[in-house]
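A short write-up of the structure that comes next.
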Amino acid sequence: MIELLGILLVVQGAGGLLNRLLEADSPSWFVQLHLLPASLHVAASVVMVLAGAAVLVATRRPKRRG
């Protein structure tokens with residue numbers, strides 16, 4: 001279930017970032033583009049991608065038993 005959160009963060013972040021970088025007219029279905037002011041769109045998208053990637057990496061690591 002936590003992997004799903006990571007995937008959603010990466011998709012939302014990367015899609016929103018591409019939307020802003022390609023100067024699309026519509027915010028489409030990217031959450032941060034609807035909720036935040038335009039000055040924060042790129043930064044929020046980058047943070048979402050990094051957070052999603054961190055979640056996915058954390059779920060893929062084998063757990064050590066000490």
Problem - L9 with I2, same ILVMFWY side-chain cluster at under 4.5 Å - result: yes

Problem - Reported OG1-to-CE distance for the pair T59 and M1, which is rounded to 0.5 angstrom - result: 13.0 Å

Practice task
Report yes or no: do L33 and V11 belong to one cluster of Ile/Leu/Val/Met/Phe/Trp/Tyr joined by side chain heavy-atom distances under 4.5 Å?
Solution key: yes

Handout entry: With sequence neighbours excluded, residues passing side-chain contact (heavy atoms from CB on, under 4.5 Å) with L21
Key = L17

Problem - L40: partners by side-chain contact (heavy atoms from CB on, under 4.5 Å), with sequence neighbours left out - result: L36, P37

Handout entry: Summary of side chain to side chain donor-acceptor pair (under 3.5 Å) pairs that have at least one residue in residues 15-32, sequence neighbours excluded
Key = Q32-S45

Problem - Shortest non-hydrogen contact from P27 toward H34 - result: CG-CE1, 3.5 Å

Exercise for the section: Give a yes or no on whether I7 and V49 share a hydrophobic cluster (residues Ile, Leu, Val, Met, Phe, Trp, Tyr; joining criterion: side-chain heavy atoms under 4.5 Å apart). Expected result: no

